[in-house]
Chemist: 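My questions all concern the structure below.
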Amino acid sequence: MDEDAQLVAADQVEDHPHPREVLTIYGQDAAQARFLDAWSSDRLHHAWLLRGPVGVGKATLSYRIARALIAEPPAGGLFGDPLPADRTLETPQDCAVQARIAAQSEPRLYVLRREWDQDKKPPRLQTQISVDNVRAMRRFLQMSAADGGWRVVIIDTVDEMTVQAANALLKFLEEPPAETLFLLITHSPAGLLPTIRSRCRTLDLKPLAPDALAKALSQAGAELPNGAEIALSELASGSAGKALRLLAGDGLQVYAQLVAMLRGGRGIDRPTMVRLSELCAGRDSADRYALVLDLTKTLLARLARAAVTGPPPAAANGETELIHAVAAHPSQGQAWAETLARISATTRHAMAVNLDPAQCVIDTFLEIDATLGRVRTPAA
């Protein structure tokens with residue numbers, strides 16, 4: 001076993017299957033159909049940019065495409081038989097390629113992502129994909145597959161490349177080797193080099209609807225609380241990856257506490273505020289601290305949006321009443337948007353310089369309490 005075998009990959013949610021192990025994708029029929037149309041009509045572009053929010057299936061679809069392409073016999077078939085006009089992304093359960101990809105031993109697949117730096121003690125995950133990481137791909141691209149057929153490169157994610165790495169990748173995209181497919185995963189396509197975007201066709205993946213999200217979570221081995229599908233979909237914004245992290249951190253319960261703490265717009269409940277801040281204190285509470293801050297900003301964003309577009313499906317008991325009391329008009333929405341911007345800046349600074357988590361949480365809630373006092377209706 002490799003020294004880093006127990007380390008969680010940069011593109012994996014801890015304690016859940018890696019995207020290369022997931023055989024079925026839900027809620028992304030349009031993206032699959034677009035790719036299959038190009039492949040079946042022999043118009044398969046050499047580079048594809050898979051765009052969409054974090055955790056909606058971009059990596060899963062990339063591995064699904066890789067399995068299908070690599071498993072297909074070389075042009076003309078092994079015995080000269082014609083290839084099917086209508087391809088499919090499905091591969092048989094006993095497919096050797098599928099087994100090799102799951103075992104990370106497929107010679108015609110190259111995955112470029114942030115790796116663990118084993119020279120650090122303890123090992124640390126690289127913060128970016130470096131130019132050296134990209135240059136290391138050259139040997140793979142220069143080799144010819146012994147049996148012909150497609151080779152696939154998955155980059156997860158191209159957003160995490162340094163400028164030098166992105167420029168090095170651009171050279172490969174400009175002069176791609178024959179029968180080599182590049183699958184570039186991005187969460188923030190606007191930040192990519194225009195020259196990279198211009199050399200790729202796009203596959204847009206959408207946030208998952210509640211039913212598709214529930215199926216994806218079930219496939220990942222997650223257990224959903226009864227009746228939690230709508231709330232989880234709302235808080236996760238249709239992202240299976242984010243939903244898994246919310247479930248792991250009791251995010252639904254934390255969000256319900258945050259909503260209850262605002263007491264329908266009447267002001268912050270001090271005992272609940274103190275309890276939540278204490279949960280974020282201590283050396284082993286970093287994940288809870290990040291979760292509380294993230295869900296607090298989610299709540300503020302939902303209040304700001306609801307003031308303009310109307311109440312969304314409730315993600316916790318009392319949320320709809322809270323919206324009616326403090327987020328019923330665009331002017332209230334502007335106040336919440338401004339509060340969100342201030343809190344985002346101050347909490348980002350607090351985490352960067354390691355300020356006391358409990359005090360940061362209390363300061364955040366007091367800022368919200370001040371906004372409540374300015375925006376609540378007289379009846380609240």
Side-chain angles (χ1 to χ4, degrees), residues 2-4 7-13 18-20 35 44-66 69-70 101 104-120 122-145 150-205 241 348 352:
D2 294 340
E3 182 180 353
D4 63 342
L7 299 176
V8 178
D11 51 355
Q12 180 179 7
V13 178
H18 188 278
R20 65 174 169 268
F35 182 85
L44 193 54
H45 194 66
H46 71 278
W48 292 76
L49 192 64
L50 284 77
R51 309 184 300 191
V54 176
V56 298
K58 298 186 296 298
T60 299
L61 180 56
S62 295
Y63 282 99
R64 186 170 167 82
I65 290 171
L69 261 69
I70 295 172
I101 287 179
Q104 303 183 71
S105 60
E106 171 53 58
R108 288 194 281 164
L109 174 64
Y110 192 95
V111 179
L112 182 60
R113 62 186 177 189
R114 291 183 295 132
E115 300 290 351
W116 287 89
D117 187 346
Q118 294 289 0
D119 294 333
K120 303 291 185 181
R124 297 178 187 173
L125 193 62
Q126 295 173 346
T127 58
Q128 293 179 301
I129 297 173
S130 70
V131 65
D132 290 336
N133 297 141
V134 177
R135 287 171 178 164
M137 184 170 62
R138 184 183 302 276
R139 184 178 178 186
F140 169 81
L141 295 174
Q142 289 175 339
M143 291 189 303
S144 297
W150 283 94
R151 291 174 301 171
V152 179
V153 174
I154 296 175
I155 304 176
D156 191 3
T157 67
V158 69
D159 307 329
E160 295 166 332
M161 285 185 165
T162 64
V163 174
Q164 294 83 356
N167 282 317
L169 172 64
L170 182 60
K171 295 180 181 178
F172 293 125
L173 298 181
E174 289 173 337
E175 299 179 9
E179 290 192 294
T180 300
L181 185 79
F182 290 86
L183 299 171
L184 284 62
I185 296 172
T186 176
H187 312 316
S188 306
L192 302 181
L193 291 176
T195 44
I196 286 182
R197 294 200 306 267
S198 68
R199 283 162 175 78
C200 299
R201 290 192 64 182
T202 57
L203 290 176
D204 289 318
L205 281 74
R348 186 165 52 247

Chemist: According to ring pair (Phe, Tyr, Trp, His ring centres under 6.0 Å), who are the partners of F172, at least two apart in sequence or on a separate chain?
Modeler: none
Chemist: Looking at side-chain heavy atoms only, is the closest gap between R114 and E160 below 4.5 Å?
Modeler: yes
Chemist: Can you tell if the side chain of Q128 reaches within under 4.5 Å of the side chain of M161, non-hydrogen atoms only?
Modeler: no
Chemist: With sequence neighbours excluded, what pairs up with Q126 under the side-chain hydrogen bond (donor to acceptor under 3.5 Å, both in side chains) test?
Modeler: none
Chemist: Identify the two heavy atoms, one from H18 and one from Y63, that lie closest to each other, and give their separation to 0.1 Å.
Modeler: CE1-OH, 3.5 Å
Chemist: Does R151 make a cation-pi contact with Y110, if we ask for NZ or CZ under 6.0 Å from the ring centre and within 45° of the axis?
Modeler: no
Chemist: So, do V153 and L141 sit near enough that their side-chain heavy atoms are less than 4.5 Å apart?
Modeler: yes
Chemist: So which heavy atom on A66 is nearest to which on I101, and how close?
Modeler: C-CD1, 4.4 Å
Chemist: Which heavy-atom pair separates L184 from C200 by the least distance, and what is that distance?
Modeler: CD2-SG, 4.1 Å
Chemist: Determine, for E174 against R199, whether the closest basic-nitrogen to carboxylate-oxygen distance falls under 4.0 angstrom.
Modeler: yes
Chemist: May I ask you to check whether D159 and S188 show a side-chain donor-acceptor distance below 3.5 Å?
Modeler: no
Chemist: Indicate yes or no for a side-chain donor-acceptor contact from K58 to the backbone of G52 under 3.5 Å, with no hydrogens or angles considered.
Modeler: yes
Chemist: Return the CD to CZ distance between Q142 and R139, rounded to the nearest 0.5 Å.
Modeler: 9.5 Å
Chemist: Can V131 and N133 be said to form a side-chain contact (heavy atoms from CB on, under 4.5 Å), step by step?
Modeler: CA-CA 5 Å; V131 65; N133 297 141; over 6 Å; no
Chemist: Is there any side-chain hydrogen bond (donor to acceptor under 3.5 Å, both in side chains) pair reaching into residues 46-55, and which pairs are they, with sequence neighbours excluded?
Modeler: R51-D204
Chemist: Tell me, do I154 and L112 make a side-chain contact under 4.5 Å, heavy atoms counted?
Modeler: no
Chemist: Do you know which two heavy atoms are closest between R113 and D156, and how far apart they sit?
Modeler: CB-O, 3.3 Å
Chemist: Below 4.5 Å, heavy atoms only, C-beta onward: do V158 and I129 meet side chain to side chain?
Modeler: no
Chemist: Atom CD in Q164, atom CG in D132: separation rounded to 0.5 Å?
Modeler: 10.0 Å
Chemist: For A168 and V134, work out which heavy atoms get closest and say how close.
Modeler: CB-CG1, 3.8 Å
Chemist: Within the 4.5 Å heavy-atom criterion, are L203 and L49 side-chain neighbours or not?
Modeler: no
Chemist: With a 4.5 Å heavy-atom cut-off, do T180 and V152 have their side chains touching?
Modeler: no
Chemist: For P107 versus F140, what's the shortest heavy-atom pair and its separation?
Modeler: O-CE1, 3.2 Å
Chemist: Look up atom CG in L169 and atom OG1 in T195, then write down how far apart they are to the nearest 0.5 Å.
Modeler: 9.5 Å
Chemist: Are side-chain heavy atoms of I65 and S62 found at a separation under 4.5 Å?
Modeler: no
Chemist: Supply the atom-to-atom distance H45 NE2 to T202 OG1, rounded to the nearest 0.5 angstrom.
Modeler: 10.0 Å
